[in-house]
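These notes concern the structure reproduced below.
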Amino acid sequence: LLQKDYKKANGNDMMAMKIKDIGGEFKLIDRLSDLVHTQNASVVVGIGDDAAVLETAPEATTYLLATTDMLVENQHFTSRWSGPEHVGIKAVESNASDIAAMGGTPSWMLVSLALPETTDVEWVEVLYKGMATACRRHGIILAGGDTTRSNTLVISVTLLGSVPKAHLCLRRDACPGDLIMVTGTLGASAAALTMLESGHAPSDYLLTKHRAPACRLDISDRIAPLANAMIDISDGLASDLGHICKQSRVGANIHSGTIPLHPDVRQAGSLVGKDPLVFALGGGEDYELLFTITPANRDKLIKLGIDGYVIGEITVDPSFISLVDHDGHRRPLSGGFDHFR
Ligand SMILES: [Mg+2]
């Protein structure tokens, strides 16, 4: 039904509340998931983590993982500075990043495309070449999908994978005393976008981080057996750490001086007149991993040759997620990204 027909049939009241009025993306997901069955014995973890965790056979040693992500033209990418090959790489990498965050390995991909009739065939072929590049990198097979006509270009990727049961990493398992770590420098994608939007030319490093990022499947399988909680940074450090703290019912202290920033991100900050920390805290799409780990397991991680960056620690009180400055001054950590705000 069109919205106006629905209004006629149901009265305007039903349609009065808008998505933007109910508190954004996560509130909408809560409301919708109340309307359908989302739990049974085979759903180990359903809606609310980076991927769904499914029990396919109780005697199996692995869980099935499932995740999906949608890219809408001019919302998530623009042809002004992203070519189809970049969009293809990013579409796969952003999904693979969610599988990495669970401690798993991706295997099968389903791709659905909504395309305007006027789309160049070559554009779509180069999009698929980009997807193929990322799929080769991670051993992912294209197993199916759907195409349909639309006024807006939309790319929806669903990725299935698996994780050894003992290595599954959820958002809800952070413990007070855990160190909070990230796998790489933050804020490059957001810094590049801010520069592009304000007419500056980003460095090659920033541009690649924004247009065609790479997820951390290269090290996630070594981190997962040692970490307590894990998430990938897709919405910004503040928002994604918020998910871990909320689901684990813990708090956190982040030390602002320890948040790793690439020199190009610092330079972008001074060029556009912004504190570069803002890019790391509030900017999304870094696709690094954020995880919590005991100090003893962190030592084991170093022995495996994985260094990473310690940026804070998990605390007991769930009402405080603080950013601690050099002088000990505390402020609430904020600045995440919500798609409907
Ligand atoms: Mg994620």
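All values below were derived from every heavy atom in this structure, side-chain atoms included, with hydrogens, water molecules and symmetry-related copies excluded. Remember, it's a predicted structure, so these values are computed and weren't measured experimentally. All ligand and atom numbering here is 1-based and tracks the order in the structure.
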Ser234 backbone acceptor or donor facing Asp240 side chain under 3.5 Å: yes
Which N, O or S atom of Asp232 lies nearest to the Mg ion (ligand 1), by name: OD1
For the Mg ion (ligand 1), the closest N/O/S atom belonging to Asp98: OD1
Under 3.5 Å side-chain donor-acceptor pair for Ser203 and Asp264: yes
Minimum-distance atom from the Mg ion (ligand 1) among N, O or S atoms of Asp50: OD1
Exam field: side chain Asp327 to backbone His329, donor-acceptor pair closer than 3.5 Å: yes
Identified ring-ring contact (aromatic ring centres under 6.0 Å, His included) counterpart of His262 within the set Tyr309, Phe279, Tyr205: Tyr205
